[in-house]
Amino acid sequence: MTNTKYVFVTGGVTSSLGKGIIAASLAKLLQARGYKTTIQKFDPYINVDPGTLNPYEHGECYVTDDGAETDLDLGHYERFLNVPTSQANNVTTGRIYQSVIEKERRGEYLGKTVQVIPHITNEIKSRIQLLGKTGKYDIVITEIGGTVGDIESLPYIESVRQLVWDLGENNSVVIHLTLIPYLSAAGELKTKPTQHSVKTLMESGIKADILVCRTEHEISDDIKRKLALFCNVKQGAVIQSIDTDTIYNVPNLMLEEGLDTVTLDLLNLPDEGKPDLTNWNNFLQKYANPKQEVSIGLVGKYVELQDSYKSILESFIHAGAANEVSVKVISIHSEHITKDVIENTVSTLDAILVAPGFGERGVQGKIDAVQYAREHQIPFLGICLGMQMAVIEYSRNVLGLADANSREMDEQTSHPVIDIMEEQKDITHMGGTMRLGAWNCQLKPDSLIHKVYGKERISERHRHRYEYNNSYKIQLEEKGMISTGFNPETNLVEVVELRDHPWFVGVQYHPEYKSTVANPHPLFVNFVQAAVAFKKKKHASMA
Ligand code: GLN
């Protein structure tokens, strides 16, 4: 048995209470006290990973350095902790069953009936302990997706029950996150749903050690006492989690409530002194006191759901704070952009970002947005599909290749300026088969992108199937679209810029996955600066 201690975070009453943020906030506090901490998420759905899920259903698919397509909560973990996660940090029921079934086919359980208990639960237990057993962490926080009482959560809950027993006294803590609803007609906060949820957990043999209560109103000491009594926890272990303007306030709120000290106490770990949140609070200070504001258009087709572009929105928060600028992100549905309305929609913007995406729908609107940014010298950042759209727009409108397109949108195009990679041609399986994860990129000296990063060699994360077609490189460069970043191993183009534009960058990779509170991404930081400069120039010319 290693010395690693385990914290389990379960959820009750309803989904979307923010288990991921509570887990990340606790991890932040523990990390700021010097404990080596990591977070992992176990998701109860049958997809092997969320890569095949529609962003409308599940929000953004987050990608790690090692190329895992994961739940967006891993993005929060990285943004809070500034430590990279990996495939091991996100496991789904699909992946658990896949490995149990593969073992069964290999004959590893020969002679046995393979069952949920013990085979599935053993697989879950060994995955939960995988990171702990590396010896790299003092504390591993495991978030169990879904809501207690769901049929699909049962094997996880049973595994946690067994692990709590296996690990023994003071080696694990169960945190249960619930909702304390406010009935406005009665003017009262209600504890009954929480009591029931704790009871459901108890029926599965798990005693919650700490209750984190999500609420819109302050929870009085009386209510805390009542919750403690009926839910069998110490009063100090009833933690209020009140609604707040930004998720980045949650670590401080949890500190005030003592979530870290209660946890450490239950784990029998020292809790002297206070967590060092100096850098975190500097960021909050800047974020709360912007000196000016810029409006940046986010052109995409999943704009109705905020979670679809989670990492991009968070990157703007980090970059805004770094510049002491409030970044107002204006979501623009690419399907609503037509040449006629573009003037009204985008002319008020200080910069335009064309988002990543898949498939035909809304593509023309994205191309029109690129064209507008290019022709009006508006700072432009194209990410992944957004970069591909920039290449298509330039090929059509500057090179005069009228039917230039991506092979993804038009298989028959006579000018596939964005094409499928040779290795991707024979792929029939959609799950986990794109160009994924960290790839090296060599930047051209003296290019804009080189200035942005301040170095020649970078590594960024990818998630795409189609690529810049190098057969068009000479033509594009002659006419002013320069390739300024390429993968040294494959020669694939990673970055394009425009010679005659103050700030126009398309990147095939996803910078947004690597922006954190501690390390705002330089590309976003610089893009926000370009928006500030553009706004200033616009105002000067109007004066
Ligand atoms: N659909 C494009 C591709 O597969 C872009 C993907 C993306 O924007 N993440 O290459």
Side-chain angles (χ1 to χ4, degrees), residues 49-56 58-65 67-70 72 75 298-303 305 307-313 315 333-335 352-367 369-370 380-393 395 404-411 413 416-439 441 460-470 472 485-487 490 492-496 505-515 523:
D49 61 45
T52 52
L53 282 168
N54 185 330
Y56 285 121
H58 202 72
E60 163 189 279
C61 172
Y62 186 77
V63 179
T64 57
D65 275 337
E69 296 177 280
T70 71
L72 57 78
L298 171 62
V299 180
K301 70 171 176 179
Y302 311 115
V303 289
L305 189 75
D307 275 0
S308 309
Y309 300 115
K310 194 81 206 160
S311 295
I312 292 177
L313 298 178
S315 300
H333 199 303
S334 52
E335 276 186 307
I352 296 174
L353 186 152
V354 174
F358 294 82
E360 252 274 47
R361 194 164 61 85
V363 155
Q364 190 54 47
K366 291 187 175 180
I367 294 175
V370 177
F380 168 84
L381 177 59
I383 298 182
C384 208
L385 184 70
M387 173 266 202
Q388 298 176 352
M389 292 299 121
V391 175
I392 294 169
E393 191 277 322
S395 306
N405 215 333
S406 163
R407 194 78 78 182
E408 181 181 8
M409 317 304 162
D410 178 5
E411 274 196 54
T413 174
V417 291
I418 304 295
D419 207 350
I420 189 133
M421 283 183 288
E422 212 40 56
E423 312 85 271
Q424 290 277 337
K425 281 188 180 154
D426 299 324
I427 286 174
T428 51
H429 279 44
M430 299 307 271
T433 54
M434 283 188 259
R435 175 147 85 110
L436 287 166
W439 287 63
C441 176
E460 292 280 5
R461 300 180 192 172
H462 289 248
R463 182 173 186 249
H464 58 105
R465 227 176 273 285
Y466 296 84
E467 297 285 350
Y468 177 106
N469 184 344
N470 272 321
Y472 290 88
F486 63 97
N487 173 252
T490 59
L492 289 167
V493 169
E494 307 275 5
V495 188
V496 294
V505 176
V507 288
Q508 185 59 79
Y509 53 79
H510 290 263
E512 71 275 21
Y513 294 143
K514 283 180 70 167
S515 186
L523 197 46

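Every number for a ligand or one of its atoms is a count from 1 in the order of the listing. Side chains included, hydrogens not; waters and symmetry mates left out as well; all remaining heavy atoms used.
Ligand 1 places these atoms under 4.0 Å from at least one heavy atom of Arg463: 6 (C), 7 (C), 9 (N). Residue contact check: His464 has heavy atoms under 4.0 Å from atoms 3 (C), 4 (O), 6 (C), 10 (O) of ligand 1. Atoms of ligand 1 lying under 4.0 Å from any heavy atom of Cys384, numbered from 1 in the order shown and given with element: 5 (C), 6 (C), 7 (C), 8 (O), 9 (N).
Residue contacts with ligand 1: Leu385 is placed with a nitrogen or oxygen under 3.5 Å of a nitrogen or oxygen of the ligand (distance criterion only). Polar contact check, Gly357 against ligand 1: a nitrogen or oxygen pair lies under 3.5 Å apart.
Using a 4.5 Å heavy-atom cutoff, the side chains of Tyr509 and Val495 are in contact. Counting heavy atoms from C-beta on, the side chains of Met387 and Val507 never come closer than 4.5 Å. Residues Lys366 and Ile392 fail the side-chain proximity criterion, which asks for heavy atoms closer than 4.5 Å. Side-chain contact check for His462 versus Val63: every heavy-atom pair is 4.5 Å or farther apart. Two residues are said to be in side-chain contact when any heavy atoms from C-beta on lie closer than 4.5 Å; Gln388 and Val391 fail this criterion. Looking only at side-chain heavy atoms (C-beta outward), Glu69 and Leu436 come within less than 4.5 Å of each other.
Contact annotation: His510 has at least one heavy atom less than 4.0 Å from an atom of ligand 1. No heavy atom of Met434 sits closer than 4.0 Å to any atom of ligand 1.
When atom types are taken as modelled, the side chain of Asn469 and the backbone of Pro416 share a donor-acceptor pair closer than 3.5 angstrom. Under a 3.5 Å cut-off, the side chain of Tyr513 and the backbone N or O of Ser311 do not form any donor-acceptor pair.
If you check which protein heavy atom lies closest to atom 10 (O) of ligand 1, you get Tyr466 N, 2.8 Å. If you check which protein heavy atom lies closest to atom 1 (N) of ligand 1, you get Glu408 OE1, 2.7 Å. Protein heavy atom nearest atom 4 (O) of ligand 1, with residue, atom name and distance: Arg465 N, 2.9 Å.
With a 4.0 Å heavy-atom cut-off, ligand 1 is reached by no atom of Glu467.
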